[in-house]
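Please read the structure below before turning to the comments.
As the structure is a prediction and not an experimental result, all values here were calculated from the model.
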There are 2 protein chains.
Amino acid sequence: MADAVSRLRSAGERVTPARYAVLRVVDAADLADEHLTAEQIGARVAEVEPSVHRATVYRTLTSLAETGVLSHVHLGGSATVYHLAEPPVNHHGHHGHVQCHVCGRVLDVPPDTFDGVARRLLDELGFVLDTGHAALLGTCADCR
Amino acid sequence: MADAVSRLRSAGERVTPARYAVLRVVDAADLADEHLTAEQIGARVAEVEPSVHRATVYRTLTSLAETGVLSHVHLGGSATVYHLAEPPVNHHGHHGHVQCHVCGRVLDVPPDTFDGVARRLLDELGFVLDTGHAALLGTCADCR
DNA sequence: ATCGTTGCAAAGCATTTGCATGCCT
DNA sequence: AGGCATGCAAATGCTTTGCAACGAT
């Protein structure tokens, strides 16, 4: 979090109240293992810092993601969620995501979960898998 | 295709010019290994059967998917594409999809590609993976 | 003849953009 | 002081919906 702010600064990006509020919201959600959409983030920012305009939240999320402070995951069902970016753990990629299409919950999975597929895709198609960028769909244990 | 029409009929759904046009478009795209969004399908339908309204295309796609004649895949980047539904091949699920986030191309991958992940997710989380329902992102051979 | 489907137009919703002002650095 | 970031409001683009007319069975 403080780390995120300093990374922002060293990337030459300004730290404004709006951006700080967005970071706080995303950070809090992260700690609670929540995955928020731009819209949801906007709503929470509005509670904490009502002066921040929705459009600014969208612009902020975009630039923070470009800067690498945040990363986003595309969920099935056309929503995009954000979380604080983490440095790659080792030779594996970032952690992955799976989503239950019944309850909508998003589960984090360890980075090496996709090693097998990643390997096959690379060998057979020359396709480099970006493990953390899209969520797979299925049914979670609770919803079966 | 003819098969699709009869499945529609036996599901108690009516076969209208609009639905027939949508099926033709999706079928043609399928043969060409193309993956079309609702919008794109709408555009092609308009060329072939101009009297069909956009709203009808959306409604048609929804009901055809519910009926099981079509299936849809959520791509990363918030687009949903449709193709003719295929009967499950064997004990594996349906074929999967990966998308290149550089050129946007969608590649089909064999159903067993995800066996490893599916197994792990089931063992570790009790999560049942729906292999054909969401696309993973990465970089294709041509774009590296 | 029935009732599911359609066309139309309008509403809905999330997201984006132009522009003048404000504020971080 | 300089220039990026913001607020505002309007526009955009995709998708949905209410309703009366239509047509597949």
Heavy atoms under 4.0 Å, any strand shown: does [X] hit a base, just sugar-phosphate, or nothing?
X      : answer
R9(A)  : sugar-phosphate
R19(A) : sugar-phosphate
S51(A) : sugar-phosphate

Salt bridge (Lys or Arg N to Asp or Glu O under 4.0 Å) between D3(A) and R7(A), intermediate numbers included: CA-CA 6 Å; D3(A) 184 54; R7(A) 259 188 294 165; 3.4 Å; yes
OP1 or OP2 of dT16(C) under 4.0 Å from side-chain N/O of Y58(A): no
If only side-chain N and O atoms of T16(A) are considered, is one of them under 4.0 Å from the OP1 or OP2 phosphate oxygen of dT6(D)? yes
Whole-Å distance separating the [atom1] atom of [X] from the [atom2] atom of [N]:
X      : N       : atom1 : atom2 : answer
L61(B) : dC14(D) : CG    : P     : 15 Å
R54(A) : dA11(D) : CZ    : C1'   : 13 Å
H74(A) : dT15(C) : NE2   : P     : 12 Å
E66(B) : dT5(C)  : CD    : P     : 11 Å
E39(A) : dC13(C) : CD    : P     : 10 Å
Q40(A) : dA14(C) : CD    : P     : 11 Å
H53(A) : dT17(C) : NE2   : C1'   : 12 Å
L64(A) : dC4(D)  : CG    : C1'   : 14 Å

Salt bridge or not between E34(B) and R44(B)? Use side-chain N to carboxylate O under 4.0 Å. yes
Basic-acidic side-chain contact under 4.0 Å: R19(A), E13(A): yes
Any idea which of dT2(C), dC4(D), dT15(D) is nearest the R14(B) side chain? dT2(C)
Consider the side chain of A55(B), meaning its heavy atoms from C-beta on, and name the nucleotide among dA5(D), dC14(D), dC8(C) that approaches it most closely. dC8(C)
Tell me whether the side-chain N or O atoms of R59(A) pair up with the base of dG7(D) as donor and acceptor below 3.5 Å, since no angle test is needed here. yes
For G132(A) and V73(A), which heavy atoms make the closest approach, and how far apart are they? O-CG2, 3.6 Å
Side chain to side chain contact (heavy atoms under 4.5 Å, CB included) partner of R119(A), chosen from L122(A), D123(A), D115(A): D123(A)
